[in-house]
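What's counted below: heavy atoms across the whole structure, side chains too, no hydrogens, waters or symmetry copies. Everything numeric in this text was worked out from a predicted model, so none of it was measured.
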Amino acid sequence: MQKNDLEKLFMDKKPEVCPECKRKLTYKGAGRYMCDTCQREVLDDFGKIKAFLDENGPTPAITIAKATGVDRDTINYYLRKGRVEIPEGSKFYLKCEKCGCSIRYGRYCPDCVKVAADKRGISLTEEMGEKPKRLR
């Protein structure tokens with residue numbers, strides 16, 4: 001699947017009408033939508049993940065998936081986009097897609113982004129993650 005296909009897939013999941021009264025929803029930020037008529041709050045997948053993490057703290061993706069109904073691919077998507085981070089001190093991290101080192105979010109570690117920029121003159125900073133300060 002191409003990057004633009006993934007973006008479209010996740011954009012298509014945004015709620016547009018209230019499940020209660022079928023009226024228009026207004027985006028309020030952080031995956032939250034509010035019905036203009038009945039004031040019901042509706043969460044998209046990102047909102048469900050964020051609300052779960054805000055309430056429960058750092059949690060493995062499988063647990064988040066089971067509790068929220070959001071599939072692990074979607075959770076991984078938000079990790080790779082840098083919208084959700086793996087906390088410091090976790091037992092598990094993402095792997096840099098270039099060198100395989102541990103990163104907390106994103107697709108590439110800072111070292112691989114720097115090498116790509118130096119060699120090819122391209123910027124991958126929007127896909128750059130952060131290495132954990134210390135590994136277990």
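- Of all non-hydrogen atoms in I75 and A61, the two that sit nearest each other are CD1-O, 3.6 Å.
- Looking at every heavy atom in both residues, G106 comes nearest to L94 through O-CD1, 3.8 Å.
- Residues meeting the salt bridge (Lys or Arg N to Asp or Glu O under 4.0 Å) test with E97, sequence neighbours left out: R80, R107.
- In the hydrophobic clustering, Y27 connects to L25, Y33, V42, either directly or through intervening members, whenever side-chain heavy atoms lie under 4.5 Å apart.
- Applying the salt bridge (Lys or Arg N to Asp or Glu O under 4.0 Å) rule to pairs touching residues 50-67 yields K50-D54, sequence neighbours excluded.
- Looking at Q39 and M34, their side chains come closer than 4.5 Å, going by heavy atoms from C-beta outward.
- For the side chain to side chain donor-acceptor pair (under 3.5 Å) test, no residue two or more places apart in sequence or in another chain qualifies with R72.
- For the residue pair G100 and K95, the shortest heavy atom distance occurs at O-CD, 3.1 Å.
- Expressed to the nearest 0.5 Å, how far OG of S90 lies from CD of E85 amounts to 12.0 Å.
- Note on Y77 and L43: separate hydrophobic clusters, where clusters join Ile, Leu, Val, Met, Phe, Trp and Tyr whose side-chain heavy atoms are under 4.5 Å apart, directly or indirectly.
- The closest side-chain donor-acceptor pair between D71 and T74 falls under 3.5 angstrom.
- Listed by chain and residue number, I62, T63 satisfy the side chain to side chain contact (heavy atoms under 4.5 Å, CB included) test with P60 (two or more places apart in sequence, or in another chain).
- Residue pairs satisfying the salt bridge (Lys or Arg N to Asp or Glu O under 4.0 Å) criterion with at least one member in residues 23-38, sequence neighbours excluded, are listed as follows: R32-E41.
- For the pair C109 and C96, the tightest heavy-atom approach, listed with the atom from each and the gap, is N-SG, 3.3 Å.
- If you take NZ on K22 and SG on C38, they are separated by 10.5 Å, rounding to the nearest 0.5 Å.
- Of the possible donor and acceptor atoms, one in the side chain of T68 sits under 3.5 Å from a partner among the backbone N and O of I64.
- Note that the CG atom of L79 and the OH atom of Y105 stand 11.5 Å from one another [nearest 0.5 Å].
- K14 and D44 make their closest contact through NZ-OD2, 3.1 Å (heavy atoms, listed as atom of the first residue, atom of the second, distance).
- When all heavy atoms are compared, the tightest approach of R40 to C18 is CD-SG, 3.9 Å.
- Sorted by first and then second residue, the ring pair (Phe, Tyr, Trp, His ring centres under 6.0 Å) pairs involving residues 46-75 (not counting sequence neighbours) are F46-Y78.
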